[in-house]
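Report on one structure; see the data block that follows.
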Amino acid sequence: MNETPARDWDTLQWDTLDGTHLLDALEQYSVEKGVSDIHTSPEKDFVRLEIRLHGVLMLLSKLGTEAYIDLIRRVKFKSKLKLNVTNIPQDGQYTFEAPGRTVNVRVASIPSRFGETYTLRLLDPNKGIVPLEELGFPSMIHESLSELMKLPNGLILVTGPTGSGKTTTLYSLLNTMVGKERNIITLENPIEYELAGIVQSQIDHDHDYDFSSGLRSILRHDPDIILVGEIRDMETAQTAIDAALTGHLVLSTLHTNSAIEAIPRFLSMGVSPYTFAPSIRAILAQRLVRTITDECKVDGANCDPADHNTYNGVKAVPELLVITPEIRELILLNETASTIEKQAKELGYMTMADWGAKFVEKKITTQSEVKRVTT
C-alpha cells in the first residue's frame with residue numbers, strides 16, 4: 001500500500017475535516033500513537049471526541065454536530081451498520097490497512113440523550129500478538145509462565161478488567177507452543193487476532209454455539225491446549241475443569257480484582273472444590289500501568305506524574321499465584337481468600353502492589369500510576 005504522509009498532529013484541526021478524512025486521520029493517528037479505543041460522546045452543543053491511550057481516556061477534540069453526523073455516516077457505511085437506525089444499539093466491524101498489517105476495528109453504538117454514542121476498538125496485530133519475552137514481565141514471572149505452558153494438563157486462569165491486557169498475554173502464551181506438536185484450539189468471542197498454526201473458533205449465540213456448548217464440541221477434536229475466551233457460568237467452568245482433569249491444558253479468563261479472588265469466584269459458580277483444586281495450576285492477574293519516558297527517568301524532578309507527556313508506553317503489573325500443594329489443600333478446605341493469600345505470601349507470592357513498588361523503585365512508572373490501577 002502507499003503509506004499516508006505523516007501529519008503534524010499538534011496543529012491538526014480535527015473539527016474542520018469531513019467525515020471520510022476525519023476517520024482516515026483518526027485511524028492513522030491511532031496506529032502511530034498506539035491508541036486502543038476511539039470514543040464519541042454527544043452533548044447538547046458539541047460532541048466529545050476522545051481516545052484511550054495507554055489505558056487513559058483523553059479529549060482529542062470537540063466536534064460540531066454536522067461534522068459528527070458526517071463522521072458517523074462514514075463509520076456506519078464501513079462497518080455495515082444500518083444508516084437509518086439511531087434508537088437501538090448496533091455492533092459491526094471493519095478493517096483498514098496500516099504499514100505491514102491489517103487493523104480490525106470493532107464498532108459499537110448506543111442511543112444517548114443527545115445522539116448516538118460510538119466506541120471504536122482498534123485491534124492492531126502489532127499490539128495483540130507479542131512474543132512472551134517482549135511483554136515486559138519480570139524474569140521470575142516470565143520464567144514461571146514459560147514452565148507452566150509446558151504442563152501436559154491443568155487449568156490456567158488470567159484475570160483482570162477489560163483493557164488490562166489479558167488477551168495479549170493469552171495469545172503470547174499460545175504462541176510459545178505453536179509448532180511444538182500440540183493441537184491448539186481456541187473458542188473466542190470475538191476472535192480478536194489471527195494467530196497462525198492454531199484453530200480459532202468464534203461463538204455464535206444465534207445458533208446456540210456458546211462457550212459451554214463450544215467447549216464440549218472442541219473436546220471431540222482431540223486438542224492438547226484449549227483457550228476458552230471467558231468463563232462466567234457453572235457449566236463452562238465445570239466443563240473446563242473436566243477437560244483439565246482429562247489430559248488437556250486449558251487457558252481462560254475471569255473478571256476478578258486479584259489472582260487470589262479468582263478462587264472463591266470460581267467456587268461461587270457452584271463447582272466442587274474437589275474437582276477445582278486438583279485441576280487449577282496457576283492464576284495470573286494483571287493491570288497495565290503507563291511507563292515514563294527516558295527523559296523523565298533521568299530528570300524526574302521536572303516531570304509531573306499527572307502530565308500525560310510524562311509517559312510513552314505501557315507495562316503489565318503482574319500477580320502470579322502458582323498453586324502449590326499447601327494452597328491446593330486450602331482450596332479443598334474451602335478456606336477464605338485472606339487465608340490463602342497469607343499462605344501464598346509465606347511461599348513468596350507477590351501482589352500487584354508489591355510488583356508496582358518495584359517498578360517505581362526502578363523508575364519504570366510512578367507511584368500515582370500504580371495506585372491508579374491497584375486500588
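All values below come from the heavy atoms of this structure, side chains included, with hydrogens, waters and symmetry mates left out. None of the values given here were measured: they were computed from a predicted structure.
- Between the side chain of S146 and the backbone N or O of H142, at least one donor-acceptor pair lies under 3.5 Å.
- Under a 3.5 Å cut-off, the side chain of Q202 and the backbone N or O of P190 do not form any donor-acceptor pair.
- No donor-acceptor pair closer than 3.5 Å links the side chain of K62 to the backbone N or O of R48.
- Between P305 and Y311 there is a side-chain heavy-atom pair separated by less than 4.5 Å.
- More than 12 heavy atoms of other residues, nucleotides or ligands lie within 6.0 Å of NZ in K78, so this atom counts as buried by the packing criterion.
- Using a cut-off of 4.0 Å between Lys/Arg side-chain N and Asp/Glu carboxylate O, R216 and E235 are scored as salt-bridged.
- For the residue pair D242 / T239, no side-chain donor-acceptor distance below 3.5 Å is found, with atom types taken as modelled.
- Of the possible donor and acceptor atoms, none in the side chain of R265 sits under 3.5 Å from a partner among the backbone N and O of N257.
- Judged purely by atom type and a 3.5 angstrom limit, S61 has no side-chain atom pairing as donor or acceptor with the backbone of L63.
- Residues N175 and P131 are not in side-chain contact: their nearest non-hydrogen atoms beyond the backbone lie 4.5 Å or more apart.
- Under a 4.0 Å N-O distance rule, the pair K342/E346 does not qualify as a salt bridge.
- Residue R372 qualifies as enclosed at atom CZ: its count of foreign heavy atoms under 6.0 Å is above 12.
- Residues D307 and T310 bring no donor and acceptor atom of their side chains to less than 3.5 Å of each other.
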Item to complete: Could you walk me through whether S41 and T117 pass side chain to side chain donor-acceptor pair (under 3.5 Å), step by step?
Response: CA-CA 5 Å; S41 301; T117 294; 5.2 Å; no
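- Using a 3.5 Å distance cut-off with no hydrogens or angles, the side chains of D24 and H21 do not pair a donor with an acceptor.
- N104 and Q93 form a side-chain donor-acceptor contact under 3.5 Å, judged by distance and modelled atom types alone.
- Within 6.0 Å of the CD atom in E66, the count of heavy atoms belonging to other residues, nucleotides or ligands does not exceed 12.
- Under the 4.5 Å side-chain heavy-atom criterion for Ile, Leu, Val, Met, Phe, Trp and Tyr, L251 and I231 are members of distinct hydrophobic clusters.
- Every residue two or more places apart in sequence or in another chain was checked for a side chain to side chain donor-acceptor pair (under 3.5 Å) with Q90, and none qualifies.
- The neighbour count for E194 CD, taken as heavy atoms of other residues, nucleotides or ligands under 6.0 Å away, does not exceed 12.
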Worksheet item: After noting the C-alpha distance and the side-chain angles of E230 and T253, does the key distance pass the side chain to side chain donor-acceptor pair (under 3.5 Å) rule?
Response: CA-CA 5 Å; E230 184 179 354; T253 70; 5.2 Å; no
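- Between the side chains of N153 and R281, at least one donor N or O lies within less than 3.5 Å of an accepting N or O.
- Looking at T366 and V370, their side chains never come closer than 4.5 Å, going by heavy atoms from C-beta outward.
- Counting only heavy atoms from C-beta outward, the side chains of H248 and I225 never approach each other to under 4.5 Å.
- Taking 4.0 Å as the cut-off between side-chain N and carboxylate O, E369 and K315 do not count as a salt-bridged pair.
- Rounded to the nearest 0.5 angstrom, S368 OG and D304 CG are separated by 8.5 Å.
- Looking only at side-chain heavy atoms (C-beta outward), L284 and P318 come within less than 4.5 Å of each other.
- In summary, the aromatic rings of F137 and W355 are positioned with their centroids too far apart to meet the 6.0 Å limit.
- Formation of a donor-acceptor pair under 3.5 Å by the S172 side chain with backbone atoms of V130 is found in this model.
- No donor-acceptor contact under 3.5 angstrom links the side chains of E319 and Q286, judged on distance only.
- Without hydrogens or angle criteria, E192 side chain to T167 main chain gives no donor-acceptor distance under 3.5 Å.
- Taking the side chain as every heavy atom from C-beta outward, K358 and M350 approach each other to under 4.5 Å.
- Proximity of D233 to M269: side-chain heavy atoms (C-beta onward) are nowhere separated by under 4.5 Å.
- Y171 and L187 fall into different hydrophobic clusters, defined by Ile, Leu, Val, Met, Phe, Trp and Tyr side-chain heavy atoms under 4.5 Å apart, directly or through other members.
- Here the side chain of S279 pairs no donor or acceptor atom with the backbone of G154 at under 3.5 angstrom.
- Because its NZ or CZ atom is not both nearer than 6.0 Å to the ring centre of F114 and within 45° of the ring axis, K44 does not count as a cation-pi partner of that residue.
- Within the 3.5 Å criterion, the main-chain N or O of D222 finds a donor-acceptor partner in the side chain of N183.
- The pair D124-K127 does not count as a salt bridge, with every side-chain nitrogen at least 4.0 angstrom from each carboxylate oxygen.
- A salt bridge links K76 to E116: one of the charged nitrogens lies within less than 4.0 Å of a carboxylate oxygen.
- Listed here is the closest heavy atom pair of V271 and F276: CG2-CB, 4.4 Å.
- Under the 30°/60° scheme for interplanar angles, the aromatic rings of W9 and W14 are found to lie parallel.
- For the pair K80 and Y94, the cation-pi test (distance below 6.0 Å, angle within 45°) is failed.
- When side chains are defined from C-beta on, V107 does not count as touching D91, because their heavy atoms never get closer than 4.5 Å.
- Checking side-chain atoms of T159 against main-chain N and O of H255 turns up no donor-acceptor pair under 3.5 Å.
- Taking a 6.0 Å sphere around CE of M140, one finds it holds 12 or fewer heavy atoms contributed by other residues, nucleotides or ligands.
- Residues T291 and T365 have side chains that never bring a donor and an acceptor to within less than 3.5 angstrom of each other.
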